[in-house]
**Q** 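Encoded as structure tokens, here's the structure I'll be asking about.
All values reported here derive from a predicted model rather than from experimental measurement. Start at 1 with the first residue, then count along the sequence.
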Amino acid sequence: IMEVAEELFANNGFNGTSVRDIAEKAKVNLAMISYYFGSKEKLLEAIFEHRGDTTKLILENIVNKPGLSSLEKTYLLIEHYLKKIKSQQCFHRLMVREQTVKSTDAITAMILKLKKQNLEVVKRLITEGQKKGEFRKNVDTSLLMITMLGTANQLITSQHHYRELNNLQDMPDAEFQNYLHKKLGQHLKFLFKTILTNEA
């Protein structure tokens, strides 16, 4: 139910999707959605909580990973977000769509809660690097995350343009996806290293 709802919300928007649409596509009884979730709003909240809890756990594991420099942990963070955006494209389209249209105060609050939760963990990583002298002071962590997510989301959603602009039309799709992931990862790691460290 949650997977189907996520896809429909991403494609049609929260307001453009009815509980009946979700029930029909998920091939479940309409009453089942009410039983498990209570309402369309609570269903969306469950999706956000599920995605948010999983991400927070992974980020916590990265921050607490022993034997790695702060920059190596940052590179793992970038790799996690790239895999996440690639594998959860519906959720990320849903996030972008709902942030743009600002459909309800409740959804805006959910998105903000999710961002704050993730930002707090990333800030800990940056602060740890600063205390060790690996990262420079006065880093705007919010802008850093916006740079990463904005760049990754833009490239993923307009990858057909990137393919055309770089004459990669003949590259098989699976190969192109791997190429894109590698290029984006290298680009973001270079940006983060330049921003975070004293090495320009």
Side-chain angles (χ1 to χ4, degrees), residues 10 48 50-100 110-166 168 171 173-200:
F48 272 85
H50 169 66
R51 294 299 189 197
D53 290 347
T54 305
T55 298
K56 187 170 187 285
L57 184 63
I58 293 168
L59 294 182
E60 291 278 3
N61 286 338
I62 291 170
V63 171
N64 297 323
K65 214 171 183 66
L68 294 179
S69 70
S70 300
L71 190 61
E72 287 171 325
K73 290 179 182 181
T74 304
Y75 288 169
L76 286 178
L77 178 96
I78 291 168
E79 283 298 327
H80 161 68
Y81 270 103
L82 292 186
K83 284 176 189 166
K84 184 171 172 283
I85 290 170
K86 185 179 175 184
S87 64
Q88 298 174 10
Q89 289 189 32
C90 282
F91 180 70
H92 286 278
R93 283 208 321 277
L94 165 62
M95 285 277 284
V96 170
R97 176 190 277 272
E98 295 306 324
Q99 286 176 94
T100 306
M110 274 186 251
I111 292 171
L112 189 59
K113 181 185 172 188
L114 197 64
K115 287 187 170 205
K116 279 182 175 176
Q117 180 178 283
N118 294 342
L119 187 63
E120 286 309 309
V121 183
V122 177
K123 276 183 177 175
R124 275 178 33 219
L125 171 55
I126 304 300
T127 303
E128 176 191 287
Q130 289 169 333
K131 284 178 181 172
K132 290 180 179 176
E134 297 173 351
F135 293 160
R136 65 181 181 81
K137 305 294 182 188
N138 303 319
V139 172
D140 189 326
T141 312
S142 296
L143 271 181
L144 201 63
M145 293 301 288
I146 289 167
T147 299
M148 177 175 66
L149 294 170
T151 303
N153 277 322
Q154 176 64 22
L155 184 57
I156 296 298
T157 55
S158 64
Q159 57 187 271
H160 51 288
H161 291 151
Y162 184 88
R163 193 191 268 264
E164 291 278 339
L165 291 168
N166 292 279
L168 300 169
M171 186 181 283
D173 194 55
E175 188 182 337
F176 175 68
Q177 292 303 322
N178 290 333
Y179 171 85
L180 206 60
H181 183 97
K182 185 179 177 184
K183 289 286 284 186
L184 183 55
Q186 288 171 340
H187 178 70
L188 288 171
K189 286 171 189 175
F190 173 77
L191 278 180
F192 270 52
K193 184 178 181 182
T194 304
I195 293 166
L196 288 169
T197 70
N198 294 314
E199 300 174 38

**Q** Can you give each donor-acceptor pair under 3.5 Å made by side-chain atoms of residues 116-126, sequence neighbours left out, with the distance rounded to 0.1 Å?
**A**
{"residue": "Gln117", "atom": "NE2", "partner": "Gly52", "partner atom": "O", "Å": "3.1"}
{"residue": "Arg124", "atom": "NH1", "partner": "Glu60", "partner atom": "OE1", "Å": "3.1"}
{"residue": "Arg124", "atom": "NH1", "partner": "Glu60", "partner atom": "OE2", "Å": "3.2"}
{"residue": "Arg124", "atom": "NH2", "partner": "Glu60", "partner atom": "OE1", "Å": "3.1"}

**Q** By the ring-ring contact (aromatic ring centres under 6.0 Å, His included) test, which pairs, at least two apart or in different chains, include something from residues 140-163?
**A**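 Not a single pair qualifies under ring-ring contact (aromatic ring centres under 6.0 Å, His included).
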**Q** So do Asn61 and Lys65 actually touch side chain to side chain, heavy atoms under 4.5 Å?
**A**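 With C-beta onward as the side chain, the pair stays apart.
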**Q** Hey, are the side chains of Asn153 and Arg93 touching, using non-hydrogen atoms and a 4.5 Å cut-off?
**A**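 No; the side chains remain at least 4.5 Å from each other.
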**Q** Specify the closest pair of heavy atoms between Lys73 and Ile62, including all atoms of both residues, with the distance to one decimal.
**A**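 Shortest heavy-atom contact: O-CG2, 3.4 Å.
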**Q** Give the table of side-chain donor-acceptor pairs shorter than 3.5 Å for residues 142-151, with sequence neighbours excluded, one pair per line with atom names and distance.
**A**
{"residue": "Thr147", "atom": "OG1", "partner": "Leu143", "partner atom": "O", "Å": "2.7"}
{"residue": "Thr151", "atom": "OG1", "partner": "Thr147", "partner atom": "O", "Å": "2.6"}

**Q** Write down the atom of Ser70, the atom of Gly129, and the distance for their closest heavy-atom approach.
**A**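 Closest pair (atom of Ser70, atom of Gly129, distance): OG-CA, 3.1 Å.
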**Q** Output every pair passing ring-ring contact (aromatic ring centres under 6.0 Å, His included) with a member in residues 80-99, not counting sequence neighbours, ordered by first then second residue.
**A**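 Qualifying pairs: Phe48-Phe91.
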**Q** Has the side chain of Gln159 got a donor or acceptor atom that lies under 3.5 Å from a matching backbone atom of Ile156?
**A**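 Yes.
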**Q** Looking at Gly67 and Glu72, what are the two nearest heavy atoms and their distance?
**A**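 For Gly67 and Glu72, the tightest heavy-atom pair comes out as O-OE1, 4.4 Å.
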**Q** Output all residues satisfying side-chain hydrogen bond (donor to acceptor under 3.5 Å, both in side chains) with Thr55, sequence neighbours left out; order by chain, then residue number.
**A**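 In terms of side-chain hydrogen bond (donor to acceptor under 3.5 Å, both in side chains), with neighbours along the sequence ignored, Thr55 is linked to no residue.
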**Q** Any chance you could measure Thr127, atom OG1, to Lys132, atom NZ, to the nearest 0.5 Å?
**A**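 Output value for this atom pair is 12.0 Å.
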**Q** Taking only residues two or more places apart in sequence or in another chain, which ones pass side-chain hydrogen bond (donor to acceptor under 3.5 Å, both in side chains) with Gln88?
**A**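 In terms of side-chain hydrogen bond (donor to acceptor under 3.5 Å, both in side chains), with neighbours along the sequence ignored, Gln88 is linked to no residue.
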